[in-house]
Amino acid sequence: MPKLTVQDLQPKGRQVFVRVDFNVPLEPSPEGPRISDDTRIQETLPTLKLLLEKGSSLVLASHLGRPKGKPEEKYSLKPVAAHLGKLLNCPVHFASDCVGPQADQARAALKPGEILLLENVRFHPDEEKNDAEFAKKLLGTANIYVNDAFGSAHRAHASTEACAKLASQAAAGLLMAKELRYLGGELSDPKRPFLVILGGAKVGDKIGVLRALLQKANTILIGGGMSYTFRLAQGRKIGTSLCEPDKVDLAKAILAEAGQRGVRLLLPEDTLIVQELDFAGRKVSPGKFTKPGEDIPDGWEGVDIGPKTQETYAKEISSAATILWNGPMGVFEIPACAEGTFAMAKAVAANQRAVSIIGGGDSVKAVKKAGFGEKVTFISTGGGASLEFLEGKVLPGVAALQDRP
Ligand code: AMP
């Protein structure tokens with residue numbers, strides 16, 4: 001791990017500023033907003049506990065939602081403070097603004113072993129402007145900075161970049177370090193065969209990561225909406241399936257590059273097709289499977305990979321030594337179109353010899369929903385951040401952390 005981590009710090013008796021990712025989903029309840037999934041809070045508990053054990057006090061900062069630079073009740077972190085207190089079994093103080101007199105008083109009153117959660121940093125426009133003056137106020141008297149919010153590390157904001165640069169020590173939290181170890185370390189020199197499963201809506205969104213992975217992977221399995229643009233590039237008919245005509249040339253170039261590099265790039269052989277898809281209503285008209293190799297007829301739309309493809313892909317997955325998966329194989333939010341995605345989750349979970357890394361977003365939801373969360377090696381918490389990291393882009397929130405001496 002080239003970056004300083006919380007394990008390297010000696011923060012006894014000092015105040016530590018921790019950028020966490022408490023961007024959790026909230027739902028209304030009679031007692032006020034309720035956290036419907038606290039995974040992001042749970043994931044950062046080891047870092048918080050370690051820092052408390054080391055005798056420091058903690059000032060926590062996070063964003064929640066997209067409040068557009070001004071306070072909005074529905075994006076308040078107040079319910080998170082109460083929930084965190086229950087999880088850690090200790091009181092968590094809350095400052096109703098992340099900067100200003102109340103926050104300063106609350107910081108000054110903090111004793112070792114205590115925690116203060118600041119209100120949503122995005123209630124101030126200066127957060128997203130990466131403003132140094134605002135960062136100074138956010139940090140307050142803390143001069144040790146810890147970033148455990150990998151999911152926000154691709155954003156150059158005050159709490160993710162400017163604060164890190166201002167602090168005298170800037171280290172990765174345990175969760176951040178784990179993300180960097182798996183997405184960076186494990187995949188920089190993967191055990192082979194290295195297999196990538198790539199799905200999701202659009203080629204355009206995954207082009208960077210696809211290009212980067214073409215240089216490393218032995219096999220790439222393509223699924224989801226993005227597969228039809230590839231099919232079109234091969235001169236096949238795709239009916240009314242999702243496709244990006246302006247990306248057809250790019251898809252052709254990728255197929256050619258895979259051939260030159262000796263990367264086996266597999267596309268779905270058969271497809272679940274429907275005539276009507278009502279995404280908002282989560283339903284489709286009765287579907288049928290194309291035969292392997294058959295085109296998609298006019299007026300029909302591909303919504304999932306078919307049984308033959310599932311079988312072929314599962315066999316490939318069973319012999320891989322490293323597996324990276326990003327993006328669903330179909331419109332998995334609709335139960336009738338989720339079988340292919342769940343089949344991939346099952347196949348990845350069944351290969352216990354492989355290092356399996358689930359790269360954020362919908363594939364994480366699918367693996368968890370299928371009940372295989374415990375059976376994979378690592379689940380990334382950062383959707384956009386993990387894609388950018390895998391593309392080889394520098395994440396500002398990581399670059400700003402100090403290197404190990
Ligand atoms: P992404 O965020 O790029 O990983 O894409 C995820 C989205 O892709 C999900 O909301 C899926 O419903 C959607 N998706 C996957 N397969 C298809 C498909 N065949 N047609 C339309 N949308 C799809």
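Quick caveat: nothing in here was measured; it's all calculated off a predicted structure. One-based numbering, in listed order, for ligands and for the atoms of each.
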Are any protein N/O atoms closer than 3.5 Å to the N/O atoms of ligand 1? If there are, list each pair with names and the distance to one decimal place.
from     : atom 1 : to   : atom 2 : distance (Å)
ligand 1 : 3 (O)  : A201 : N      : 3.2
ligand 1 : 3 (O)  : K206 : NZ     : 3.4
ligand 1 : 4 (O)  : K206 : NZ     : 3.0
ligand 1 : 5 (O)  : A201 : N      : 3.0
ligand 1 : 8 (O)  : A201 : N      : 3.2
ligand 1 : 10 (O) : E333 : OE2    : 2.5
ligand 1 : 12 (O) : E333 : OE1    : 2.7
ligand 1 : 12 (O) : E333 : OE2    : 3.4
ligand 1 : 16 (N) : G225 : N      : 3.1
ligand 1 : 16 (N) : G330 : O      : 3.4
ligand 1 : 19 (N) : G302 : O      : 3.1

Could K237 and W300 be counted as a cation-pi pair, given that NZ or CZ must be under 6.0 Å from the ring centre and within 45° of the axis?
no

Atom CZ of R236 with >12 non-hydrogen neighbours under 6.0 angstrom
yes

Checking the side chain of R404 only, and the main-chain atoms of D8 only, is there a donor and an acceptor separated by less than 3.5 Å?
no

Charged tip of R19 within 45° of F17 ring normal and under 6.0 Å
no

Determine whether S62 and L77 make a side-chain contact, defined as any pair of heavy atoms from C-beta on separated by less than 4.5 Å.
yes

E128 and R155: CA distance, side-chain angles, deciding distance, salt bridge (charged side-chain N to carboxylate O under 4.0 Å, His left out) verdict:
CA-CA 8 Å; E128 294 186 50; R155 312 256 182 241; over 6 Å; no

